[in-house]
Asks: 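Before I ask anything, let me first share the structure, which is written out below as structure tokens.
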Amino acid sequence: MKRTRYILLLLLLSAANIHLSMTAWAEDGHSLWLRMAAGDNPQVTGPACTATSELRQYWQGGQLELKKTRGYGDEDYTIACQDGKTTVMASTDAGLLYGAFRLLRMQQTGADMSRFNISSSPAYSLRLLNHWDNPNGTVERGFAGHSIFWPSVNDDILLLYARANASIGINGTVLNNVNAKPQALATENLQQVKHIADILRPYHIRVYLSVNFASPIHVGGLKTADPLDKEVRAWWKKKADEIYKLVPDFGGFLVKANSEGEPGPCDFGRSHADGANMMADALKPHKGIVMWRAFVYNPQDKDRAKQAYNEFMPLDGQFRPNVILQVKNGPVDFQPREPYSPLFTALQKTPMAAELQVTQEYLGAANHLVFLAPMWREFFDEIGVRSEESEVNKARQLLTPNSSLLTAVAGVANIGNDTNWCGHDFAQANWYALGRLAWDPSLKSETIADEWLRQTFTNDEHFVKPMTQLMVQSRETCVSYMMPLGLHHIFAGGHHYGPEPWYTEPGIRPDWTPAYYHRADAEGLGFDRTKNGTDAVSQYPAEVCSQLNDINSCPEKYLAWFHHVPWQHRMHSGRTFWDELCYKYAEGVSGARQMLAQWDAMKQYVDEERFNDIQRRLRIQARDAEWWRDACLLYFQQFSKLPIPQGIEHPVHNLDEMMQFKIRISMYENPVRGYTK
Ligand code: GCW
């Protein structure tokens, strides 16, 4: 009897093992955070809509009813469970959809489902992805393969893309690069836009296009693209009509104008407002919008960080109501750390979109594990958006009476046709975080990391706890080994991956060289943006301005951003600025190594395929961190002429060697090797 039981037990165990090795352990990251087992649940009742079919397929609980009732905002929902019965209530299909995905998230993360009553509504009405995808299939600053939209699409991929976005609240997507080819608006192209829109629509995702300002010339055959020209205006109206015939819920246009060589209204002596308003007028009858980018800078100006403000502040109040000004979170360009763009607290009448970069153009591409929620939280905190975790925010809340002007969040996507979508499995977490924060910017980074890890890997606490910590710390680690204490834009020429604080070329624009930003000399390091310098500080509200202007009250994380800091300047730690810089780089390197060690300890909780790939990338990251430290400290040491303090690890390379390193990548690829000679 005993023996039979024993054999039975063995049989059961081995069956469980086979099951494990065939399902849970064969993972390639393709399912993202949507790893629910499919089924067909007859206990789910509701109107015929996407929410009902999603829940019918993936709901593992008991009786569930979806109900449409009046009284909710367009995307709001309530979900509740009482006496064993779960209900989703909303006024629209979209509300039901978001409620459905909330339930599935709770189910996947192992939440207590016995009794709850949750209501939710989004903080921003537009929550978008921007794809920098080109018609030939390359993705600018994309590190995960080719475009999923161009030149052709795979409908299954699009469907999963739609579900993933809906599950995190994304409700719009811009299908092509802001460096837009005129052909985006050609009639053949619009057929494909329609095809994509038809697949995304059931998931409440609208499509948008980036447009080239000179399209009337290149596509329409006109002589000019002057926004005040009658024929040009008529051309845009006709184009809009054509688009809306194919895609009745088309979202609108995103425009990069007079920036980095793109055409724009200034080419015709007109203002950004003239250009944006012309397009807004064409889209208005169809309820479309224009998202006009504020990313402009010109080599003649003294300080690149001031230019968007200088150009757009005088236009505040001149835009049509269906124009949104899309502003990057920082005043320069998606650096590992930037203070917020002063436009966010200065504009009084113009609705704004915050443009955040999900793709890691300046953060180690798809080789480095950098969880970006803490960076975006920092941004939201600093512009005074409500958050539960922030101290800064409490002080700033009153500074931004106009924060209601922030109406949209746009994330520059990190998505390509790689099997796991984002190159690095952990880069999926940044796509996830973008959606979650655009819905609710008060979420803590920990919360987002925790729920993403549970859905993407496992609910096992031994994995979730340490990995949450690792993720939350990863951004600070990256800042420390790349550009601590306010340093910025000291990347190698030609790509934005490795360090080259010395980089220059004959005839190059100064604002495209690192020396323009770091200004290292015998006296110190950093860009003087105080009142005695370029006075960029004055673009911030008075209280913030005086804090930033004084080297003793300026947050140390922004020191070299706003000040030319003397090497001997005394830091809060008691160290000199030079020593602190050395310590920060050392911290960055040890942080990167710790991530690798922590991951190595997680082997038993992760399938082999993802474990190995992530480990390989973490090793690259740890080596890159050393490379950053050595290149930067050895280079800056030529100016400081100070020793690297005792008690921390010293560079393992020498400067000449560092200056020989070159990476062979283009702006369309992930560096396959950390660096090559
Ligand atoms: O960050 C810079 C990038 C460019 C990009 C530009 C922009 C799409 O290096 O690749 O172009 O910003 O945001 O327009």
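All values below come from the heavy atoms of this structure, side chains included, with hydrogens, waters and symmetry mates left out. Whatever order the structure lists ligands and atoms in, that order sets their numbers, starting from 1.
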Asks: Where the closest heavy atom to atom 12 (O) of ligand 1 is concerned, which of K328, E262, E361, R141 has it?
Replies: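 Heavy atom nearest to atom 12 (O) of ligand 1 belongs to K328.
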
Asks: Is there a nitrogen or oxygen of N177 sitting under 3.5 Å from a nitrogen or oxygen of ligand 1?
Replies: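 No, there is no polar N/O contact under 3.5 Å.
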
Asks: Which is it for Y297 and ligand 1 at heavy atoms under 4.0 Å: side chain, backbone, both or neither?
Replies: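 Y297 to ligand 1: no contact under 4.0 Å from either part.
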
Asks: Run the numbers for me: atoms of ligand 1, each under 4.0 Å from some heavy atom of D333, listed by number.
Replies: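 Those of ligand 1 that fall under 4.0 Å from D333 are 1 (O), 2 (C), 12 (O).
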
Asks: Using a 4.0 Å cutoff against the non-hydrogen atoms of F295, which atoms of ligand 1 qualify?
Replies: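 So the answer, numbered in order with elements, is 6 (C), 7 (C), 12 (O), 13 (O), 14 (O).
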
Asks: Which of parallel (below 30°), tilted (30 to 60°) and perpendicular (above 60°) describes F527 and Y517?
Replies: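 Because their plane-to-plane angle lies in the 30° to 60° range, the rings of F527 and Y517 count as tilted.
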
Asks: Starting from atom 10 (O) of ligand 1, find the nearest protein heavy-atom neighbour and note its residue, name and distance.
Replies: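 For atom 10 (O) of ligand 1, the nearest protein heavy atom is E140 OE2, 2.4 Å.
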
Asks: Which protein non-hydrogen atom lies closest to atom 8 (C) of ligand 1, naming both residue and atom, and how far is it?
Replies: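 For this ligand atom, the closest protein heavy atom is N179 ND2, 3.3 Å.
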
Asks: Just jot down the ligand 1 atoms closer than 4.0 angstrom to any heavy atom of K256, in number order.
Replies: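 It comes down to these atoms of ligand 1: 6 (C), 7 (C), 8 (C), 11 (O), 14 (O).
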
Asks: When the aromatic ring centroids of F143 and Y668 are compared, is their separation below 6.0 Å?
Replies: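 Aromatic pair excluded; centres sit 6.0 Å or further apart.
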
Asks: Answer yes or no for H496: is there a heavy-atom contact with ligand 1 below 4.0 Å?
Replies: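 Within the 4.0 Å threshold, so yes.
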
Asks: Please determine if D425 and R617 form a salt bridge, counting it only when a charged side-chain N lies under 4.0 Å from a carboxylate O.
Replies: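 Salt bridge flag = no for R617 with D425.
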
Asks: For the ring pair Y503 and F491, is the centre-to-centre distance below 6.0 Å?
Replies: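 No, ring centres 6.0 Å or more apart.
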
Asks: Side chains of V290 and I324, heavy atoms from C-beta outward: is any pair under 4.5 Å?
Replies: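 No, their side chains stay 4.5 Å or more apart.
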
Asks: Just to verify, which of E338, E476, E378 counts as forming a salt bridge (Lys or Arg N to Asp or Glu O under 4.0 Å) with K557?
Replies: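 It is E378; the other options fail the test.
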
Asks: What about the rings of Y516 and H489, do their centers lie closer together than 6.0 Å?
Replies: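 They do not qualify: ring centres at least 6.0 Å apart.
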
Asks: Taking both backbone and side-chain atoms of W132, is any N or O found less than 3.5 Å from an N or O belonging to ligand 1?
Replies: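 W132 vs ligand 1: no N/O contact under 3.5 Å.
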
Asks: Under a 4.0 Å heavy-atom limit, does V412 contact ligand 1 with its side chain, its backbone, both, or neither?
Replies: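 The answer is neither.
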
Asks: So that I know where these two stand, are H368 and H424 an aromatic pair - ring centroids less than 6.0 Å apart?
Replies: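 Distance test on ring centres: not under 6.0 Å, no.
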
Asks: Give the residue and atom name of whichever protein heavy atom lies nearest to atom 6 (C) of ligand 1, and the separation in Å to one decimal.
Replies: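 Answer, as residue, atom name and distance: E260 OE1, 3.3 Å.
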
